[in-house]
Structure formats: C-alpha cells, structure tokens
Amino acid sequence: MRFDIVTIFPDFFESTLRNGVVARALITGIAQIGTVDLRSFTHDRHRTVDDRPFGGGEGMVLKPEPLSEAIESLGISPKPVRDTTRETVILLSAQGSRFTQAVAHELKSMQRIVLICGRYEGVDERVNEMHCDRELSIGDYVLSGGELGAAIIVDAVTRLLPGVLGNPDSAHYESFGHAHDSARDENAPPQAVAASAGLLDYPHYTRPAEFRGVGIPEVLSGGDHLAIRRWRRQQALQKTLQNRPDLLAEAPLTKEERRYLESLRKAAKLNQD
C-alpha cells in the first residue's frame with residue numbers, strides 16, 4: 001500500500017513516520033508513505049495557496065490550482081475512470097463522514113490512498129468534485145487542519161495490513177472489532193485480547209498480581225477459560241454502556257447479554273435515585 005499526503009506542512013509527519021507500527025511497516029516494505037508540499041505547486045513569489053472566499057465571510061480557502069496540480073502530479077487515475085477498489089483520493093474535512101474502524105478495514109484493501117489535508121476555512125469545493133472520492137472527518141470537532149486526521153488514518157489503516165503487527169489477532173480482537181470469542185470451544189484458552197464484536201475492549205491486567213494493595217480480578221487467575229471469556233464479555237458490555245452506549249444498538253448480543261445490560265441499567269438507576 002502507498003499513502004500520499006498533500007499538505008502545506010510536510011515536516012509535520014516526520015515523527016509519525018519514524019515511530020511505532022507505521023515505521024515498522026515502512027522498514028519492512030509493507031507500506032510506503034510520501035508527503036507532497038502543496039506550496040511546490042504555486043506559481044507566485046509568495047507561494048500563495050489560499051484566497052478569500054467568494055460571497056464574503058471569515059477566513060481563507062485553499063485555492064484549486066495548486067491542489068489540482070499536486071494531485072495530478074501523483075499519477076493517480078482521473079476520477080471518472082478511477083478504480084476505487086484499488087485507489088482513492090480522500091479529503092480530510094470537518095464536513096466529512098466519520099472515520100471509523102469499519103472504514104479503516106475498508107481502506108486496508110486499497111493499493112493507493114491519497115490524503116488531502118484541508119486548512120483554514122476549507123478547500124475550494126471544485127477540488128472535491130473533480131478529484132476526491134470521499135470526505136472523512138476523525139470526529140465531531142474542528143481542527144486547525146487535516147494533518148492530524150491524516151496521521152490518524154495512516155496509523156489506523158497501516159496496523160491492519162498483514163505482517164505489520166506482531167500478532168495478527170491483535171487487530172482482530174480489540175475495541176470496535178468484529179470477532180467474538182464466545183464461538184470458540186469452551187475448553188479452549190481465551191484470546192489474549194478481547195473479542196469485542198463491535199463493543200469496546202474489556203479491562204486488561206498484567207503482572208504483578210497485586211499492585212499497591214490492589215489485586216487483579218480473581219477470575220483471571222482461576223484457570224477457568226469459560227469463566228474468563230464470560231467475565232471479559234460482561235466487562236466489555238459494562239465499559240461500552242458507560243462510555244459508548246451508542247455502539248450497543250448494532251452490536252450482536254445474546255439474550256443473556258441483553259439481560260445483563262438491563263441489570264446494569266437498573267443498578268445505575270437505583271444509584272441515581
């Protein structure tokens with residue numbers, strides 16, 4: 001896979017490319033990442049990349065000429081004939097649809113991803129219409145530019161590529177994942193990390209078994225694999241109900257799990273009363 005990032009701050013990505021799983025993917029050749037300095041495609045002595053918006057209003061807008069030339073310099077197929085199952089151009093924008101783990105899984109099958117980092121009040125809409133396949137936002141808030149979002153997308157997608165993580169199951173059994181450990185044989189050891197099946201991950205513990213007077217949950221040291229899986233699933237349900245209850249609407253839950261959630265809700269209501 002190759003990422004190309006169009007930005008006015010190419011140096012921003014230096015630390016991203018030198019550390020963690022992204023650096024490992026680059027060293028092993030699993031991924032390639034290039035940055036494109038948007039100012040290199042300007043044609044005036046001030047290297048101007050923005051201008052005032054038509055119709056008035058605050059702020060500045062990234063101009064279409066340098067952006068179009070920067071995208072076209074990458075040799076990616078023109079939008080009308082682009083095979084979007086192999087290559088895609090993405091505009092980072094607060095107006096975009098939300099970037100999720102499901103989108104990351106979708107993008108991991110691409111061979112080429114071009115990320116356009118918006119700045120100021122945004123990008124001339126003609127660039128979006130002529131070149132971009134989709135707009136993505138990393139959350140319901142406004143950043144100074146798309147660089148942080150681009151770095152997040154690169155990291156989230158890269159770690160899903162085969163061979164990047166030390167244990168391939170690490171990207172499968174985690175928050176927002178789709179695997180469910182309960183389908184495994186009852187006597188089989190549980191996975192090292194949670195089979196979240198669309199939920200948040202459960203709490204993790206490591207050695208020592210007691211730290212500053214606080215011990216680990218007894219079930220984790222009992223050797224009962226079925227009990228451990230049940231505890232992990234209940235903890236994932238509890239964590240999701242507490243922090244991201246919206247995820248529960250689409251999570252594949254059993255009748256037993258729904259009863260457990262209802263008991264948690266009743267307990268929470270009693271505590272409030």
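- For the pair Arg134 and Glu106, the salt-bridge criterion is met [side-chain N within less than 4.0 Å of a carboxylate O].
- Once rounded to the nearest 0.5 Å, the distance linking NE2 of His46 with OG1 of Thr48 reads 6.5 Å.
- With sequence neighbours left out, the salt bridge (charged side-chain N to carboxylate O under 4.0 Å, His left out) criterion links Glu14 to Arg18.
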Give the C-alpha distance, both sets of side-chain angles, the deciding distance and a yes or no for side-chain contact (heavy atoms from CB on, under 4.5 Å) between Leu247 and Leu200. CA-CA 8 Å; Leu247 296 175; Leu200 299 184; 3.8 Å; yes

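- At least one side-chain heavy atom of Leu241 sits under 4.5 Å from a side-chain heavy atom of Leu248.
- You'll find the side chain of Arg2 reaches within 4.5 Å of the side chain of Arg112, heavy atoms only.
- Taking every heavy atom of both residues into account, Glu129 and Lys79 meet most closely at O-NZ, 3.0 Å.
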Test log, rule side-chain contact (heavy atoms from CB on, under 4.5 Å), inputs Ile71 and Val36: CA-CA 9 Å; Ile71 297 168; Val36 179; over 6 Å; no

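- Of the possible polar contacts, none joining the Arg52 side chain to the Met60 backbone as a donor-acceptor pair under 3.5 Å is found.
- In this structure, OG1 in Thr254 is found 7.5 Å from CZ in Arg233, a value given to the nearest 0.5 Å.
- Salt-bridge check for Asp124 with Arg126: passed, with a basic side-chain N closer than 4.0 Å to an acidic carboxylate O.
- Between Thr88 and Val114, every side-chain heavy-atom pair lies at or beyond the 4.5 Å cut-off.
- Between Glu147 and Arg119 there is a salt bridge, with a side-chain nitrogen of the basic residue lying less than 4.0 Å from a carboxylate oxygen of the acidic one.
- Between Leu67 and Val49 there is no side-chain heavy-atom pair separated by less than 4.5 Å.
- Between Leu17 and Phe3, the closest side-chain pair of non-hydrogen atoms is not below 4.5 Å.
- Heavy-atom neighbours of Met130 CE from other residues, nucleotides or ligands within 6.0 Å: at or below the threshold of 12.
- Looking only at side-chain heavy atoms (C-beta outward), Ile90 and Ile116 stay at 4.5 Å or farther from each other.
- Under the 4.5 Å side-chain criterion, counting only non-hydrogen atoms from C-beta, His131 is in contact with Ser68.
- A salt bridge is absent between Asp201 and Arg232: the closest approach of a Lys/Arg side-chain nitrogen to an acidic carboxylate oxygen does not fall below 4.0 angstrom.
- Side-chain contact check for Leu115 versus Asp4: every heavy-atom pair is 4.5 Å or farther apart.
- In the displayed structure, Phe54 atom CZ is contacted under 6.0 Å by at most 12 heavy atoms of other residues, nucleotides or ligands.
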Worked verdict on His43 versus Glu69 for side chain to side chain donor-acceptor pair (under 3.5 Å): CA-CA 11 Å; His43 303 286; Glu69 290 185 26; 3.0 Å; yes

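- Of the candidates Ile33, Thr158, Val157, Met1 forms a side chain to side chain contact (heavy atoms under 4.5 Å, CB included) with just one, namely Val157.
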